[in-house]
Amino acid sequence: QIAKLKGCRTIGIAGGAQKCRWAVEELGFDACLDYKAGNLRVELKAAAPKGVDVYFDNVGGEILDTVLARMNPFSRLPLCGMISQYNATEAYGVKNFRSILVNRITVRGFIVWDFEDRYKQAATDLAQWLAEGRLRYHETVAQGLAAAPAAFIGMLRGENLGKQLVKLV
């Protein structure tokens, strides 16, 4: 949503038609590709015919490999998560690593606290966009501490929409 607010064309990748509809209809993405429904490689090529300049990665694994094939020369890849690997018994080896070299892609780990000096401005901007209705969110709320393990496992399986929370009652 921030990229869209800053004037970028935005393409989401999500697991399921409901999540993709939410990304386009509620969050304002230009497109959203359901990685569970079809051929992500073909759909990404159609959605980004000129390639990808920035890929903010929270997933890793096969999706990262697929996007690497569409990255433009001198593009950027902030790596913020590897959720596809959190339960893996064996680490996924990136197969399209050559694209990083050939396209001179800048890959950098992204941890929010590396930008702590910009936190106050970010909080101000985010609060303003939220108050203006330009930033939206959804929460999936599990009730009670006893529901936390199932909620956590469900989140790892992609069963939540938006942020998964547990309300302590």
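For the single chain, residues carry numbers from 1 onward in sequence order.
To the nearest 0.5 Å, the span separating CG on Asp57 from CG on Leu64 amounts to 5.0 Å. In this structure, CG on Leu40 lies 13.5 Å from NZ on Lys45, to the nearest 0.5 angstrom. The structure places CG of Leu168 at 10.0 Å from CD of Gln143, a figure rounded to the nearest 0.5 Å. Between the CD1 atom in Ile11 and the OH atom in Tyr55 there is a gap of 11.5 Å [rounded to 0.5 Å]. We find the CZ-CG distance between Arg21 and Leu161 to be 10.0 Å, quoted to the nearest 0.5 Å. Distance check: Arg157 CZ to Ile153 CD1 gives 6.0 Å after rounding to the nearest 0.5 Å.
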Stepwise side chain to side chain contact (heavy atoms under 4.5 Å, CB included) test for Tyr92 and Ser84 = CA-CA 9 Å; Tyr92 179 88; Ser84 71; 5.9 Å; no

request  = Evaluate the side chain to side chain contact (heavy atoms under 4.5 Å, CB included) criterion for residues Thr106 and Phe74: first the C-alpha distance (whole Å), next the side-chain angles of each, then the deciding distance (0.1 Å), finally the verdict.
outcome  = CA-CA 7 Å; Thr106 299; Phe74 305 103; over 6 Å; no

inquiry  = Quick one, Leu79 with Arg108, criterion side chain to side chain contact (heavy atoms under 4.5 Å, CB included). Give me CA distance, side-chain angles, the key distance, then yes/no.
reply    = CA-CA 6 Å; Leu79 183 61; Arg108 182 174 179 180; over 6 Å; no

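Between the side chain of Gln85 and the main chain of Ala91, no donor-acceptor pair closer than 3.5 Å is present. The backbone N or O of Ala48 lies less than 3.5 Å from a partner atom in the side chain of Arg70, making a donor-acceptor pair. Side chain of Asn72 to main chain of Lys50: a donor-acceptor pair is present (N/O by atom type, distance under 3.5 Å, no hydrogens or angles). The backbone N or O of Glu62 sits less than 3.5 Å from a side-chain atom of Thr66, completing a donor-acceptor pair. For Asp65 (side chain) and Lys95 (main-chain N/O), a donor-acceptor pair under 3.5 Å exists by modelled atom type. Looking only at distances, a side-chain donor or acceptor of Gln1 sits under 3.5 Å from a matching main-chain atom of Arg136. A donor-acceptor pair is defined here as one N or O able to donate and one able to accept, closer than 3.5 Å; no such pair exists between the side chain of Asn103 and the backbone of Ile105. Here the side chain of Arg104 pairs a donor or acceptor atom with the backbone of Val102 at under 3.5 angstrom.
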Counting only pairs under 3.5 Å, give me each side-chain donor-acceptor contact of residues 29-39, with atom names and distances, residues two or more places apart or in other chains.
residue	atom	partner	partner atom	Å
Asp30	OD1	Lys4	NZ	2.7
Asp30	OD2	Lys4	NZ	2.8
Asp30	OD2	Thr10	N	2.7
Asp34	OD1	Gly16	N	2.9
Asp34	OD1	Lys36	N	2.9
Asp34	OD2	Ala17	N	3.3
Asn39	OD1	Arg41	N	3.1
Asn39	OD1	Val42	N	3.2

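At a threshold of 4.5 Å between side-chain heavy atoms, the hydrophobic network of Ile, Leu, Val, Met, Phe, Trp and Tyr places Met82 and Val59 in one connected group.
Around atom CZ of Arg9, more than 12 heavy atoms belonging to other residues, nucleotides or ligands sit under 6.0 Å away. Residue Phe97 places its CZ atom among 12 or fewer non-hydrogen atoms of other residues, nucleotides or ligands, all under 6.0 Å distant. Under a cut-off of 6.0 angstrom, the local environment of CD in Glu159 is crowded, with over 12 non-hydrogen atoms contributed by other residues, nucleotides or ligands. Remark: Leu145 CG is loosely packed, at most 12 non-hydrogen atoms of other residues, nucleotides or ligands lying under 6.0 Å away.
Contact of the Ser75 side chain with the Val52 side chain is not registered, since no non-hydrogen atoms from C-beta on lie closer than 4.5 Å. Residues Ile63 and Ile13 form a side-chain contact, since some pair of their non-hydrogen atoms from C-beta on lies under 4.5 Å apart. Considering only heavy atoms from C-beta on, Leu126 comes within 4.5 Å of Ile2 through its side chain. Residues Met71 and Leu77 meet the side-chain proximity criterion, which asks for heavy atoms closer than 4.5 Å. No side-chain heavy atom of Ile83 sits less than 4.5 Å from a side-chain heavy atom of Asn58. The shortest distance between side-chain heavy atoms of Arg76 and Asp53 does not fall below 4.5 Å. Using a 4.5 Å heavy-atom cutoff, the side chains of Val54 and Pro78 are in contact. Within the 4.5 Å cutoff, the side chain of Tyr86 has heavy atoms near those of the Leu156 side chain.
Between Lys163 and Glu139, none of the side-chain N atoms (NZ, or NE/NH1/NH2) sits under 4.0 Å from a carboxylate O, so this pair counts as no salt bridge.
Applying the ring-ring contact (aromatic ring centres under 6.0 Å, His included) criterion to Tyr119, with sequence neighbours excluded, gives Trp113.
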